[in-house]
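Below: one structure, written as structure tokens.
Heads up: numbering here begins at 1 and tracks the sequence. Counting starts at 1 for both ligands and their atoms, in listed order.
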Amino acid sequence: MREMFNYYKSKDADLSQVKDLTVSHPAEGIICQSIAALSRNLSSTIVEEEVMKYGLKAYKDWNVTAIADRPGLYILHNIFTPESHLEWVYKAINIYCRPPNFTNINQSGSMEEDKNFNIKKLRWATLGFDYDWTAKVYPETPRAPLPDEFVYVGEKITEALGLLKLESDTSIVNYYPLNTRLSPHVDRSERDYSYPLVSLSFGQSAIYVSGGASANDEPIPIMLHSGDVLVMAGSQRLVFHGVPRILKTQNFQVENDSSSFTVAEKKALLQYINDHRVNVTLRRTAP
Ligand SMILES: O=C(O)CCC(=O)C(=O)O
Ligand SMILES: [Fe+2]
């Protein structure tokens, strides 16, 4: 894991081995198909007709990649409408990182206005059960319920995949400027691993490395773009993974002015999303 992580950290890394998972590679057991083809749980009426909230596209437009020798790992490709990517990042930089939520800048969630709040220094926010990064534990009780959109999206995604429905109660939101990374780790602090972990990507892209239960297992490099969702369930719930590199791949614009953003908000939002990646992890922490 370390070796591949360090390789992709470099700006000179050759990216030709980073798999395009939006197509199948049958010889390698990598199959990309519609959610309807993958999941017997979804009736054709639901696939055709269910109207989604919070920017999720209808099920009929969902494609998902599964990998034969990594059962439980799923990558859903751009399942959010284009406008909603901006909405999600707007909320990430205006709501999720504001009091009373805890962030790396305001680790107690203090409601006193922080005059030194500097968005450039923002790296994480915790919601629900606030993770204790030092002790590596979640508290016994949550500080607050999760935003409705987190719960909804986690449910829709896990239901569609035929997994145990994720009733998420906790989130870590990661903020990545272009030159940052997230070291290899396993998310093992949640109290019940039978719940999947669902991870939403917005903004710029990531090289994501997904390994095995041991740090020595051979990882695969995956490209994650804005609107993609990665799900870790079953035996893939406890694998090593990390983000060695953020790649600037997209130039977001606000297409028309029916958006509800003010001019100043729009400017700040575009500046942020064109230089950062935001990742929202949906977790179940209570047993
Ligand atoms: O940014 C990502 O895609 C992964 C985030 C992650 O692994 C985590 O928050 O535990
Ligand atoms: Fe993680």
Side-chain angles (χ1 to χ4, degrees), residues 1-2 4-5 8-9 18-19 21 65 70 72-80 85 88-89 92-93 96-97 101-104 122-133 136-138 146 150 153-154 157 166 168-191 193 195-213 215 217 219-233 235-249 273 275-285:
M1 171 54 91
R2 256 298 150 191
M4 185 177 284
F5 185 87
Y8 285 112
K9 244 164 63 174
V18 183
K19 278 250 160 334
L21 295 182
T65 297
R70 293 168 196 261
L73 182 69
Y74 299 98
I75 298 97
L76 295 134
H77 303 287
N78 197 4
I79 60 168
F80 287 89
H85 300 206
W88 276 89
V89 172
I93 61 175
Y96 309 149
C97 64
N101 295 332
F102 294 16
T103 67
N104 62 300
L122 184 63
R123 294 293 179 273
W124 55 260
T126 55
L127 294 90
F129 288 72
D130 296 296
Y131 191 53
D132 179 335
W133 297 85
K136 292 191 164 43
V137 290
Y138 290 101
L146 275 195
F150 287 28
V153 163
I157 290 168
L166 175 61
S168 47
D169 58 16
T170 297
S171 177
I172 297 175
V173 181
N174 297 291
Y175 301 83
Y176 297 92
L178 291 178
N179 57 355
T180 59
R181 52 193 57 82
L182 181 66
S183 293
H185 64 278
V186 175
D187 292 276
R188 60 170 100 253
S189 302
E190 295 75 24
R191 280 172 276 248
Y193 307 137
Y195 288 100
L197 196 154
V198 171
S199 160
L200 320 177
S201 291
F202 296 105
Q204 300 307 316
S205 304
I207 299 177
Y208 179 98
V209 287
S210 183
D217 293 340
I220 47 165
I222 295 172
M223 190 71 83
L224 293 177
H225 296 300
S226 196
D228 289 351
V229 174
L230 183 134
V231 177
M232 300 163 80
S235 61
Q236 290 290 305
R237 174 64 185 75
L238 293 174
V239 296
F240 277 87
H241 58 280
V243 178
R245 183 139 165 241
I246 307 298
L247 295 172
K248 182 164 167 63
T249 56
I273 197 170
D275 259 350
H276 293 80
R277 169 172 183 261
V278 173
N279 169 260
V280 177
T281 51
L282 307 176
R283 302 158 189 258
R284 173 72 182 198
T285 297

Item to check | Top protein contact for atom 8 (C) of ligand 1, by heavy-atom distance | outcome: R283 NH2, 3.4 Å

Item to check | Within-4.5 Å side-chain heavy-atom neighbours: L230 and D228 | outcome: no

Item to check | Shortest non-hydrogen contact from P219 toward M1 | outcome: CG-CA, 3.8 Å

Checklist entry - Sorted by chain and residue number, which protein N/O/S atoms are under 2.8 Å from the Fe ion (ligand 2)? => result H185 NE2, D187 OD2, H241 NE2

Next on the checklist: Among all protein heavy atoms in this structure, tell me which lies nearest to atom 5 (C) of ligand 1, with the distance rounded to 0.1 Å.
Outcome noted: N279 OD1, 3.3 Å

Item to check | 4.0 Å heavy-atom contact, I172 with ligand 1 | outcome: no

Checklist outcome for this item: Note: R70 and G211 closest approach over all heavy atoms is NH1-O, 3.3 Å

Checklist entry - Hey, does T103 have a side-chain heavy atom less than 4.5 Å from the side chain of L122? => result yes

Checklist entry - Taking side chain as C-beta onward, heavy atoms only, is V198 less than 4.5 Å from S168? => result no

Next on the checklist: Does ligand 1 come near enough to Y176 that some N or O of the ligand is less than 3.5 Å from an N or O of the residue?
Outcome noted: yes

Next on the checklist: Do H225 and T249 have side chains that approach each other closer than 4.5 Å (heavy atoms only, starting at C-beta)?
Outcome noted: yes

Item to check | For R191, all residues meeting salt bridge (Lys or Arg N to Asp or Glu O under 4.0 Å), sequence neighbours excluded | outcome: E140

Checklist outcome for this item: Ranked by distance from atom 7 (O) of ligand 1, the top protein heavy atom is H241 NE2, 3.0 Å

Next on the checklist: Does any part of the side chain of Y175, heavy atoms only, come nearer than 4.5 Å to the side chain of T180, both counted from C-beta?
Outcome noted: no

Item to check | Atoms in ligand 1 with a heavy atom of H185 nearer than 4.0 Å | outcome: 6 (C), 7 (O), 8 (C), 10 (O)

Checklist entry - Will you find, in the side chains of Y138 and T170, an N or O donor that is under 3.5 Å from an N or O acceptor? => result no

Checklist entry - Y208 vs H241 aromatic rings, parallel, tilted or perpendicular, using cut-offs 30° and 60°? => result parallel

Next on the checklist: Between ligand 1 and R277, is the shortest N or O to N or O distance under 3.5 Å?
Outcome noted: yes

Checklist entry - Any side-chain heavy-atom pair from H276 and V89 closer than 4.5 angstrom? => result no

Checklist entry - Relative to ligand 1, is L182 under 4.0 angstrom through side chain, backbone, both or neither, heavy atoms considered? => result side chain

Checklist entry - Does a donor on one side chain sit under 3.5 Å from an acceptor on the other, for T285 and R283? => result no

Item to check | ligand 1 atoms in contact with T281 (distance to a heavy atom under 4.0 Å) | outcome: 8 (C), 9 (O)

Item to check | Where ligand 1 meets D187 - atom numbers and elements under 4.0 angstrom, heavy-atom basis | outcome: 10 (O)

Checklist entry - In the protein, which heavy atom is nearest to atom 9 (O) of ligand 1, and how far is it? => result N174 ND2, 2.8 Å

Item to check | Ligand-side contact atoms (ligand 1) for residue partner V243, heavy atom cut-off under 4.0 Å | outcome: 1 (O), 2 (C), 3 (O), 4 (C)

